[in-house]
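Have a look at the structure below, then the notes.
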Amino acid sequence: MRPGNPEALSQPYDPSRIEPTRYTWWEQQGVFQPRADLAAQPKGTGAKAPFVIAIPPPNVTGSLTMGHVLGESIRDTIVRWQRMEGRETLYIPGMDHAGIATQNVVEKKLRAEKKSRHDLGRDRFLESVWAWKEQYGGLIFQQERRLGTTPDWSRERFTLDEGYSRAVLTVFKKLYDEGLVYRGRYIVNWCPRCRTALSDEEVDMVEKDGHLWHLRYPLADGSGSLVVATTRPETMLGDTAVAVNPKDPRYTKLVGRKVVLPLVRREIPIVADDMVDAKFGTGCVKVTPAHDPNDFQTGRRHNLPEIVVMDEDGRMNDAAGDFRGLDRFEARQRIVAALQDAGYLERIDDHHNSVGHCSRCNTVIEPYLSWQWFVRMAPLAAPALEAAKKGHVKMYPARWKKVYLHWLENIRDWCISRQLWWGHRIPVWYRGDEMVVSLEQPEGEGWRQDEDVLDTWFSSWLWPFATLGWPDETEDLKRYYPNSLMVTGSDIIFFWVARMIMAGYHFMGEAPFAHVYFTSIVRDAQGRKMSKSLGNSPDPLAMMERYGADSVRFCMVQTPTGQDLKFDEKALETGKFFANKLWNATKLVTMRLGGEDMGPVKESQLRLTLADRWILSRFQNAAKDVTRNLKTYRFAEAAQAVYHFAWNEYCDWYLEMAKPRWALADLGDAMTPEQRVDLRTARWVSWKVLDGVLRLLHPFMPFVSEELWQAIPHDGETLAHAAWPKSKKAWNDPQAEREVAFLQAVVTAVRNLRVESKIAPGKLVPVVIRGDAAQLELIEKLESQLKPLARIETLTLARDGSRPGVAASAVVEGAEVFLPLEGLIDVDEERARLAREAEKLLTDLEGVKRKLRNQDFLAKAKPEIVAKENERLAQLEETLEKLRRAEQSLSSFRG
RNA sequence: GGGCGAAUAGCUCAGCUGGUAGAGCACCUGGAUCACAACCAGGGGGUCACAGGUUCAAGUCCUGUUUCGCCCACCA
């Protein structure tokens with residue numbers, strides 16, 4: 001047992017003073033690495049399997065947001081809890097190279113110098129990105145340290161590191177060899193600003209008010225015309241057919257004939273295709289295979305030419321004739337104007353539709369025909385579907401499972417090539433017609449590597465095993481795969497979670513983790529998403545400076561599960577106040593321990609009072625509560641259980657009840673041996689329970705709990721490695737809980753009467769209590785506790801059943817509590833108050849009576865419910881009766 | 001168009017297996033009592049969105065409606 005250091009508490013609680021130094025101290029203690037003694041045991045031979053969790057790698061460009069703080073608070077709370085449970089814990093940190101995001105940042109910097117990446121060339125550009133990464137990247141981890149999280153920093157991974165890159169390229173080759181990666185010329189989502197292809201997940205659909213342009217296309221034989229409707233008139237330059245529904249009687253005659261494309265004067269066929277909905281628009285659809293995914297399919301079915309009319313910047317190309325060089329939106333206006341001039345514009349309708357936007361830069365996405373690499377997803381999805389359905393991977397909250405299943409059941413192939421430079425360059429080599437997929441450049445002259453890089457998510461989906469050394473069969477991989485838990489936002493359930501599960505099964509033959517916990521999305525007080533442009537995102541570092549990292553963690557962890565969190569800075573005060581409360585309570589306890597060594601104290605040699613038995617019982621109950629709620633990811637309930645126990649039971653009641661007993665120390669040598677035992681008992685219990693509170697608190701508020709733990713006598717180097725409290729059956733004491741509940745009710749009643757009677761708070765008052773023999777006996781036993789708590793001068797037990805004259809009174813569990821204060825009490829007011837009380841009870845009583853008159857209730861409700869109602873009836877009647885007696889008794893003194 | 005979620009005190013939210021509606025903040029009254037004014041003591045405040053249904057009993061289960069939010073979707 002170490003003695004503790006009470007002097008540490010001589011200054012007021014100030015989180016910014018204690019937190020940073022404590023973090024460094026933990027690092028020096030090696031708290032963050034898996035415990036060597038546990039790691040030395042062969043896996044599975046110890047009592048418990050290792051607990052492994054990986055951070056969702058933040059973008060290398062990232063800085064700490066409240067969203068990160070939320071996720072990190074939850075992850076670290078669990079990690080610390082598991083560590084205290086005695087499990088070998090590994091928390092893996094790392095960063096994501098974030099292809100587009102990072103390249104955008106560096107290109108923006110270049111633009112400020114009036115340069116483009118093309119001016120530098122690929123190699124020099126990459127050099128400058130790496131230089132940027134070295135200088136600015138990973139800022140987030142410096143910030144995160146402030147929060148007190150405990151990843152094993154020595155294992156930090158970066159998705160573009162040598163080893164990790166090999167994993168990514170190996171995966172590409174493996175999938176290619178299995179026929180699950182292929183190259184093809186298809187319509188993809190193209191961002192004309194980022195100048196790259198994107199996956200479907202990287203496109204945000206935004207509802208917009210637009211127009212539906214009706215264009216008249218004349219028949220080639222001059223026998224008439226038809227009208228097509230389109231939301232994107234500029235693509236008409238690339239039309240290679242008009243389609244109608246084969247069952248549409250209006251147009252069957254036209255199928256096989258031709259129309260002349262206005263402006264372009266190209267003759268294009270009218271084809272029949274089921275894709276056309278006869279009820280929409282005119283029932284005629286212009287077909288632009290190179291600029292619309294639907295039309296692309298139609299085009300392939302009918303062997304139509306695919307005419308690309310735009311370049312990769314979204315400008316019209318040479319195929320656009322007179323409109324070449326124009327931006328697509330300017331071209332739209334000019335083409336509509338030209339059509340109108342030539343009499344081809346039938347009309348313009350208002351139209352509401354969804355338009356895809358680049359999730360990175362918000363530019364309108366262009367469906368673009370190009371050569372890209374794809375992953376065939378259906379075979380990968382099958383085991384991932386199975387896993388969720390059979391519960392091998394469980395999701396919390398459970399409703400996300402449905403979202404996950406729906407996506408996997410409708411999975412589409414994944415476009416993984418990006419026309420960027422920052423990323424894993426595709427390991428494919430070309431020479432003439434030859435193509436080789438290889439991690440190394442093939443032998444011989446003239447090989448040219450694919451210019452494109454892989455989607456960032458094509459590297460992060462390997463995170464749970466690539467961070468452990470895969471594809472090598474490392475010790476880490478054997479020991480720490482699969483991970484135990486994934487904690488992340490539901491916004492990346494498709495991007496990342498689903499794909500990690502697919503990769504886990506495909507490459508490791510096993511789910512990457514057993515549980516997924518989805519955190520809330522952090523919003524501002526008005527419910528808007530946090531964003532840089534709105535400037536509504538609070539600076540987490542400023543929050544931690546102001547309230548302490550402990551408070552930020554404590555409050556963020558208590559987010560509503562599965563709902564968005566409306567962040568309100570005001571809420572952070574709660575945690576700070578709580579920490580301050582515990583700081584002062586610990587100061588009090590350390591002072592009263594009088595330096596006594598708790599080491600040799602044996603519980604069996606103590607003489608526990610009712611208060612002791614009560615607080616120990618309540619404590620073991622709280623420990624059970626906290627643990628149960630952590631197990632089910634109910635963090636708010638877990639945190640509340642610690643908060644409530646520590647503040648409202650331990651501080652508000654137990655410490656107050658311990659004070660008179662601590663005061664025995666003032667007797668010094670005059671203490672009898674029995675008093676000595678009483679003092680030691682009060683000291684031991686107050687210390688023991690405080691020690692337990694700090695343990696329960698540690699995962700939530702690591703800094704202040706450690707600080708306080710070091711200040712009291714403690715067993716061990718660091719609280720981070722102290723054992724998690726078990727709910728102790730021997731301490732469970734329902735009778736003590738009932739008795740103290742009665743005591744509390746009496747104290748509250750007296751305090752209430754004092755206030756109602758306007759008695760000065762400091763004034764000691766006489767109290768008379770009537771009740772049955774058992775109650776009076778209990779009160780007698782509790783007298784020494786009761787008197788200071790309620791500021792009672794003299795306590796009289798009315799054993800003869802007599803009642804005092806003029807008195808304020810209340811009924812507590814059938815016992816009557818009187819404040820006999822003739823002259824200080826306004827009799828009329830007191831009578832009125834009693835009448836109000838009685839009236840309230842009468843309403844309740846009516847309800848209970850009604851219930852008990854109901855034959856169905858008596859017959860069908862569970863017997864214990866009926867018994868409870870009967871009991872309640874008796875109690876209400878008794879209380880009511882006593883209130884009335886008190887009122888009558890007062891009326892005789894009236895005037 | 002399909003799906004999901006939310007609606008409970010002035011505000012933010014709990015309320016798990018149906019059985020006397022809770023917390024924090026805010027508010028009101030009183031208090032410099034030697035751990036703590038970042039505190040203590042006491043208090044007021046709710047037709048649980050609406051309408052039906054199931055049940056002895058509904059904030060809780062079922063159906064529908066309204067409002068708000070989110071996700072998915074190739075009607076040009």
Side-chain angles (χ1 to χ4, degrees), chain A residues 9 12-13 187 200 205 212-213 228-232 235 243 275-277 279-288 292-298 351 353-354 367 397 399-400 402-403 406-407 410 490-491 493-494 521 523 525 527 529 547 555 558-568 570-571 573-574 576-592 628-629 632 634 636-637 640 643-644 648 651-652 655-656 659 747-748 751-756 758-762 790-791 844 847-848 851 854-862 864-866 868-869 872 876:
Chain A
L9 308 179
Y13 170 62
I187 293 262
D200 295 336
M205 300 304 282
L212 194 57
W213 285 272
V228 298
T230 179
T231 52
R232 295 167 61 226
T235 63
M275 169 272 280
V276 180
D277 176 0
K279 290 192 282 294
F280 185 88
T282 60
C284 297
V285 183
K286 60 189 273 309
V287 183
T288 322
D292 182 278
N294 258 330
D295 293 3
F296 178 76
Q297 300 294 338
T298 311
H351 186 65
N353 67 339
S354 295
R399 65 188 163 85
W400 290 108
K402 270 190 228 171
V403 178
H406 180 259
W407 186 75
N410 297 284
S490 54
D491 51 338
I493 185 169
F494 308 137
I521 308 275
R523 298 176 176 280
K529 243 180 189 163
Y547 304 97
C555 297
Q558 299 190 55
T559 54
T561 32
Q563 268 189 82
D564 291 354
L565 166 75
K566 275 192 207 167
F567 178 78
D568 183 2
K570 183 94 175 116
E573 280 189 341
T574 313
K576 188 180 181 181
F577 293 173
F578 182 42
N580 182 59
K581 181 73 184 177
L582 289 172
W583 182 277
N584 287 300
T586 305
K587 189 159 92 183
L588 171 70
V589 172
T590 53
M591 276 173 358
R592 299 299 185 228
R628 181 175 53 90
N629 283 310
T632 47
R634 302 164 72 91
E637 286 82 350
Q640 279 305 307
Y643 181 91
H644 182 264
N648 304 113
C651 290
D652 285 353
L655 292 184
E656 292 305 323
K659 278 177 183 174
V747 170
T748 304
R751 287 171 175 170
N752 185 353
L753 291 178
R754 298 174 60 107
V755 171
E756 298 283 355
K758 302 194 167 52
I759 313 277
R791 299 200 157 255
D844 290 354
V848 176
K851 231 176 188 177
N854 184 339
Q855 290 307 310
D856 283 329
F857 174 72
L858 296 175
K860 292 179 184 169
K862 281 179 251 159
E864 60 265 32
I865 299 292
V866 178
K868 224 167 138 189
E869 288 299 317
R872 193 160 164 244
L876 283 170

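Below, all heavy atoms of this structure are taken into account, side chains as well, without hydrogens, waters or symmetry copies.
The interatomic distance linking A:Glu864 (CD) with B:U17 (P) rounds to 18 Å, in whole Å. Between the CG atom of A:Asn584 and the P atom of B:A32 there is a distance of 20 Å, given to the nearest Å. Computed from coordinates, the A:His644 NE2 to B:G22 P distance equals 13 Å when rounded to whole Å. Atom CD1 in A:Ile493 sits roughly 18 Å away from atom P in B:C70 (whole-Å rounding). Atom CG of A:Asp652 and atom C1' of B:G42 are 13 Å apart (whole Å). A straight line from CG of A:Leu858 to P of B:A57 spans 13 Å, rounded to a whole angstrom. A:Asp568 has its CG atom 9 Å from the P atom of B:U12, to the nearest Å. Between A:Leu753 atom CG and B:A41 atom P there is a gap of 17 Å when expressed in whole angstrom units.
Separating the P atom of B:C16 from that of B:C61 is a span of 8 Å, rounded to the nearest Å. With both ends at atom C1', the span from B:A6 to B:U60 equals 16 Å, rounded to whole Å. To the nearest whole angstrom, the two C1' atoms, one in B:A76 and one in B:G1, are 16 Å apart. Straight-line distance between the C1' atoms of B:C74 and B:C68: roughly 29 Å, to the nearest whole Å. When the C1' atom is compared between B:U17 and B:C13, the two are found 23 Å apart, to the nearest whole Å. Rounded to the nearest Å, the gap between the P atom of B:C50 and that of B:G10 is 14 Å. Across the P atoms, B:C48 and B:U55 are found 22 Å apart, a figure rounded to whole Å. The C1' atoms of B:G45 and B:G53 are separated by 32 Å, rounded to the nearest whole Å.
Between A:Asp200 and A:Phe494 the shortest side-chain heavy-atom distance does not fall below 4.5 Å. You'll find the side chain of A:Val755 stays beyond 4.5 Å of the side chain of A:Arg751, heavy atoms only. For the pair A:Glu869/A:Arg872, a side-chain contact is recorded, criterion being any heavy-atom separation below 4.5 Å from C-beta on. By the 4.5 Å heavy-atom criterion applied to side chains, A:Thr574 and A:Tyr643 are counted as neighbours.
Contact annotation for A:Met205: no contact, since no heavy-atom pair falls under 4.0 Å across all strands. Residue A:Pro293 is classed as having no contact, given no heavy-atom separation below 4.0 Å to the nucleic acid. The residue A:Ala636 sits apart from the nucleic acid: no heavy atom pair falls under 4.0 Å. Using a 4.0 Å heavy-atom distance criterion, A:Ala229 is classed as a base contact. Across all strands, A:Arg791 comes closer than 4.0 Å to base atoms (heavy-atom distances). Using a 4.0 Å heavy-atom cutoff across all strands shown, A:Phe296 reaches no nucleic acid atom at all. Residue-level contact check: A:Asn410 touches neither bases nor backbone, having no heavy atom under 4.0 Å from any strand. A:Phe494 comes within contact range of the sugar-phosphate backbone alone, with a heavy-atom separation under 4.0 Å but no base atom that close.
Position along RNA chain B of the nearest nucleotide to A:Gln640 versus A:Asp564 favours A:Asp564 as the more 5'-ward residue. Take the nearest nucleotide of RNA chain B for A:Met275 and for A:Phe578: the residue whose nucleotide is more 5' is A:Phe578.
For B:G5, the paired base is B:C68 (Watson-Crick or G-U wobble, both distances below 3.5 Å). Partner assigned to B:C16 is none, using Watson-Crick or G-U wobble distances below 3.5 angstrom. If you check B:C39 for Watson-Crick or wobble pairing at under 3.5 angstrom, you find it paired to B:G31. The partner of B:C61 is B:G53, by the rule that a Watson-Crick or G-U pair needs both atom distances under 3.5 Å. Base-pair partner of B:G10: B:C25 (Watson-Crick or G-U wobble, both distances under 3.5 Å).
Here the nucleotide nearest the side chain of A:Thr748, chosen from B:G42, B:C56, B:G24, is B:G42. For A:Phe280, counting side-chain heavy atoms from C-beta on, the closest listed nucleotide (B:C75, B:C13, B:C56) is B:C75. Ranking B:A76, B:G19, B:C4 by closeness to the A:Lys868 side chain, first place goes to B:G19. The side chain of A:Arg751 has B:G42 as its nearest neighbour among B:G42, B:C16, B:A76. Side chain of A:Asp277, nearest nucleotide from B:U20, B:G19, B:C75: B:C75. The listed nucleotides are B:A38, B:C56, B:C72; the one nearest the side chain of A:Asp856 is B:C56.
Between A:Lys587 and B:A35 there is no side-chain N or O to OP1 or OP2 distance below 4.0 Å. For the pair A:Asn752 and B:G43, the criterion of a side-chain N or O lying under 4.0 Å from OP1 or OP2 is met. Applying the 4.0 Å criterion to OP1 and OP2 of B:A35, one finds that A:Arg592 has a side-chain N or O inside that range. Taking only side-chain nitrogens and oxygens, A:His351 comes nearer than 4.0 Å to OP1 or OP2 of B:A76. A close approach under 4.0 Å does not occur between any side-chain nitrogen or oxygen of A:Lys576 and OP1 or OP2 of B:A38. Listed pair A:Lys581 / B:A35 fails the phosphate criterion, with no side-chain N or O lying under 4.0 Å from OP1 or OP2. Note on A:Arg399: every side-chain N or O is 4.0 Å or more away from OP1 and OP2 of B:C4.
With respect to A:Glu656 and A:Lys659, a salt bridge is recorded, a charged nitrogen being found less than 4.0 Å from a carboxylate O.
The aromatic rings of A:Trp583 and A:Tyr13 lie tilted to each other, with the angle between the two planes from 30° to 60°.
Between the A:Asn752 side chain and the A:Thr748 main chain, no donor and acceptor come within less than 3.5 Å of each other. Using modelled atom types, one side-chain atom of A:Arg754 and one backbone atom of A:Ala760 make a donor-acceptor pair closer than 3.5 Å.
Base orientation of B:U65: anti (glycosidic angle beyond 90° from 0).
With rounding to the nearest 0.5 Å, the separation of CG in A:Leu582 from CG in A:Leu9 is 11.5 Å.
In this model, a side-chain donor or acceptor of A:Asn294 finds a partner on the base of B:C74 within 3.5 Å. Residue side chain A:Glu637 does not reach the base of B:A23 through any donor-acceptor N/O pair under 3.5 Å, judged by distance alone.
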